[in-house]
2 protein chains.
Amino acid sequence: MTRTVFEKPDAVALVAEVFRELGYEGASMSSITARTKLSKGSLYHFFPGGKEQMAAEIMAHIDAWFVTEVFRPLEEDDPRAAILGMWETTDTYFRSGRRVCLIGAFALDETRDRFPSAIQNYFLRWIEALAGALTRAGLAAAEARVLAEEAVVGIQGALTLARALGDDAIFGRTLARLKERLGAAVE
Amino acid sequence: MTRTVFEKPDAVALVAEVFRELGYEGASMSSITARTKLSKGSLYHFFPGGKEQMAAEIMAHIDAWFVTEVFRPLEEDDPRAAILGMWETTDTYFRSGRRVCLIGAFALDETRDRFPSAIQNYFLRWIEALAGALTRAGLAAAEARVLAEEAVVGIQGALTLARALGDDAIFGRTLARLKERLGAAVE
DNA sequence: TATTTTATAGACCAATCAGTTTAGAAGATC
DNA sequence: GATCTTCTAAACTGATTGGTCTATAAAATA
């Protein structure tokens with residue numbers, strides 16, 4: 001009998017992709033075991049709290065990744081360069097729109113009511129980090145906030161349309177448009 | 001024993017709201033019967049094909065509504081007035097962002113694979129109808145298309161953030177910004 | 001190498017799932 | 001008012017759900 005041994009960080013990442021593809025309700029334990037190759041025993045060993053704990057830890061993992069890779073870099077010295085880096089990181093993370101935003105997807109149905117603050121904070125911090133960079137690049141606080149909100153709205157909307165249309169180009173087009181608009185505002 | 005008698009159009013509308021709130025996988029037959037007060041007998045009488053038929057008919061119903069209330073009005077004589085009307089209709093339909101886009105939500109998870117053309121056509125037709133109005137208002141076809149895409153992306157993104165943040169104002173702010181941007185382009 | 005800890009496999013559970021069936025009530029037609 | 005069609009209620013089905021448990025394999029520690 002062959003056995004495959006997993007480590008928890010790998011389990012989190014594997015299960016995350018299943019939730020991302022199927023949504024919280026759509027991701028049944030059997031679909032999770034089938035797609036990740038982790039047995040139920042392994043899953044409940046790592047996540048005694050079941051699906052709810054899996055989703056909570058996945059969201060915490062995503063949040064930590066964005067703090068390190070997106071939000072904190074936006075606080076660095078050169079705000080213009082930081083914002084340019086954000087477009088690159090965002091395009092890579094969402095695989096040019098082929099990967100959806102798990103937290104955005106959770107927000108749309110009543111899964112939101114299970115994790116309201118995690119969902120709210122993720123988007124709030126993104127908007128605040130970007131608005132902060134725009135402010136340090138010279139924009140008035142109010143204008144920075146409006147533009148940051150427009151950017152995060154555009155990213156989410158483009159992810160929805162990319163999947164709805166099966167269009168691999170719309171996400172890149174949207175990022176390019178937002179990049180130009182924010183770039184022009186801080187020139 | 002009291003019995004409530006429903007008509008099919010009412011059944012479609014009632015079930016639609018449950019799918020909208022819970023998503024396709026999240027909407028179980030028991031949650032549908034509980035929230036709509038339609039019994040299983042009634043539901044399978046109206047929709048012998050079960051959940052899949054319910055969702056298909058709901059999407060067709062939404063599509064028809066948008067054709068009548070949004071897409072066709074955009075083809076009327078005065079394109080500027082038609083576009084202004086679209087912002088009103090959109091704000092009302094999505095209840096200032098408190099109501100999500102069922103078709104956008106279906107696009108995000110593998111529910112999309114059940115109804116790929118219905119989902120794709122809904123967004124394609126919206127973009128095309130709006131681009132057509134912008135063209136007739138004087139814009140070059142390419143520019144009209146880009147702006148129309150930006151508008152539909154913005155609407156979807158704002159719906160996601162409205163729910164994620166529990167913010168009643170962000171949808172209206174986004175619509176106002178898009179209205180101004182499209183209005184300025186055709187002046 | 002012996003022991004302890006960590007992790008896997010899969011049988012098992014009660015509850016819920018989508019869907020079927022049947023009996024009869026309400027509404028429409030005659 | 002009798003007949004026929006439409007619709008509802010709820011019991012029922014087999015399959016699947018999320019979750020538990022036990023035996024044991026692998027890894028870490030001693």
Side-chain angles (χ1 to χ4, degrees), chain A residues 1-59 61 102 105-106 109-115, chain B residues 1-59 61 102 105-106 109-115:
Chain A
M1 189 188 301
T2 61
R3 293 198 343 154
T4 313
V5 177
F6 294 89
E7 286 172 22
K8 177 144 184 187
D10 296 328
V12 171
L14 287 167
V15 177
E17 290 313 304
V18 182
F19 277 111
R20 204 188 287 276
E21 290 160 9
L22 301 180
Y24 184 82
E25 293 295 341
S28 65
M29 290 306 299
S30 65
S31 65
I32 294 170
T33 58
R35 293 184 182 215
T36 63
K37 312 296 180 197
L38 278 93
S39 68
K40 277 189 158 189
S42 298
L43 288 167
Y44 279 94
H45 170 72
F46 290 128
F47 311 102
K51 276 179 75 174
E52 182 121 9
Q53 185 182 351
M54 291 176 207
E57 292 205 20
I58 287 164
M59 294 179 80
H61 178 260
L102 179 137
F106 280 6
D109 60 34
E110 290 195 0
T111 306
R112 187 193 59 158
D113 300 340
R114 292 176 182 268
F115 315 104
Chain B
M1 187 188 301
T2 61
R3 291 198 344 154
T4 312
V5 176
F6 293 89
E7 287 172 22
K8 177 143 182 187
D10 297 327
V12 171
L14 287 167
V15 177
E17 290 313 303
V18 183
F19 277 111
R20 204 188 287 277
E21 290 161 9
L22 301 180
Y24 184 82
E25 294 295 340
S28 66
M29 289 306 299
S30 66
S31 66
I32 295 171
T33 59
R35 293 183 184 217
T36 63
K37 310 297 180 195
L38 276 93
S39 69
K40 277 189 160 189
S42 299
L43 288 166
Y44 280 95
H45 171 71
F46 289 129
F47 311 101
K51 274 179 76 173
E52 181 120 10
Q53 184 182 352
M54 291 176 207
E57 293 203 21
I58 287 164
M59 294 179 80
H61 177 261
L102 179 137
F106 280 6
D109 61 33
E110 290 195 3
T111 306
R112 186 193 60 159
D113 300 340
R114 291 175 182 268
F115 315 103

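Every chain is numbered from 1 and lettered A, B, ... according to where its sequence line falls, protein lines coming before strand lines. Values in this document were obtained by computation on a predicted structure and should not be read as measured data.
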**Study point:** Contacts of B:Ser28 that satisfy side-chain hydrogen bond (donor to acceptor under 3.5 Å, both in side chains) - sequence neighbours left out
**Key:** B:Ser30, B:Ser31
Check your understanding: Rounded to whole angstroms, how far apart are CZ on A:Phe46 and C1' on D:dG19?
Key -> 18 Å
Practice item. Could you check how far CZ of A:Arg114 sits from P of D:dG18, rounded to whole Å? Key: 10 Å
Check your understanding: Between B:Ser30 and C:dC17, is there a side-chain N or O to OP1/OP2 distance below 4.0 Å?
Key -> yes
Check your understanding: For A:Phe46, which residues count as a ring-ring contact (aromatic ring centres under 6.0 Å, His included) partner, sequence neighbours excluded?
Key -> none
Exercise for review: Sequence neighbours left out, what passes salt bridge (charged side-chain N to carboxylate O under 4.0 Å, His left out) with B:Arg20? Give chain and number order.
Suggested key: B:Glu17
Exercise for review: Not counting sequence neighbours, which residues clear side-chain contact (heavy atoms from CB on, under 4.5 Å) with A:Glu57? List them please.
Suggested key: A:Lys8, A:Val12, A:Phe47, A:Gln53
Exercise for review: Rounded to the nearest angstrom, tell me the gap between atom CG in B:Leu43 and atom P in D:dC7.
Suggested key: 13 Å
Study note, to complete from the structure: Sorted by number, residues from residues 12-26 of chain A placing a heavy atom under 4.0 Å from DNA chain C are none
Review point. Please give, in whole Å, the distance from C:dA25 P to B:Phe6 CZ?
Key: 19 Å
Point to revise | Residue A:Ser28, side-chain atoms from C-beta onward, closest of C:dT8, D:dT8, D:dG18 | key: D:dG18
Check your understanding: How would you list, by chain and number, every residue that makes a side-chain hydrogen bond (donor to acceptor under 3.5 Å, both in side chains) with B:Thr33, sequence neighbours excluded?
Key -> none
Review point. Can you name the residues that form a ring-ring contact (aromatic ring centres under 6.0 Å, His included) with A:Phe19, not counting sequence neighbours?
Key: A:Tyr24
Check your understanding: How far does CD1 of A:Ile58 sit from CG of A:Leu14, to the nearest 0.5 angstrom?
Key -> 10.0 Å
Exercise for review: Could you list the residues that satisfy side-chain contact (heavy atoms from CB on, under 4.5 Å) with A:Tyr44, not counting sequence neighbours?
Suggested key: A:Met29
Check your understanding: OP1 or OP2 of D:dT8 sitting under 4.0 Å from any side-chain N/O of B:Ser39?
Key -> no
Revision key, fill the gap. Between CD1 of B:Ile32 and P of C:dC17 the distance, given in whole Å, is 10 Å
Atom pairs under 3.5 Å, N or O on each side, protein against nucleotides 19-23 of chain C: can you list them with distances?
residue, atom, partner, partner atom, Å
C:dG19, OP2, B:Tyr44, OH, 3.0
C:dG19, OP2, B:Lys51, N, 3.2
C:dG19, O5', B:Tyr44, OH, 3.3
C:dG19, N7, B:Lys40, NZ, 2.8
C:dG19, O6, B:Lys40, NZ, 2.3

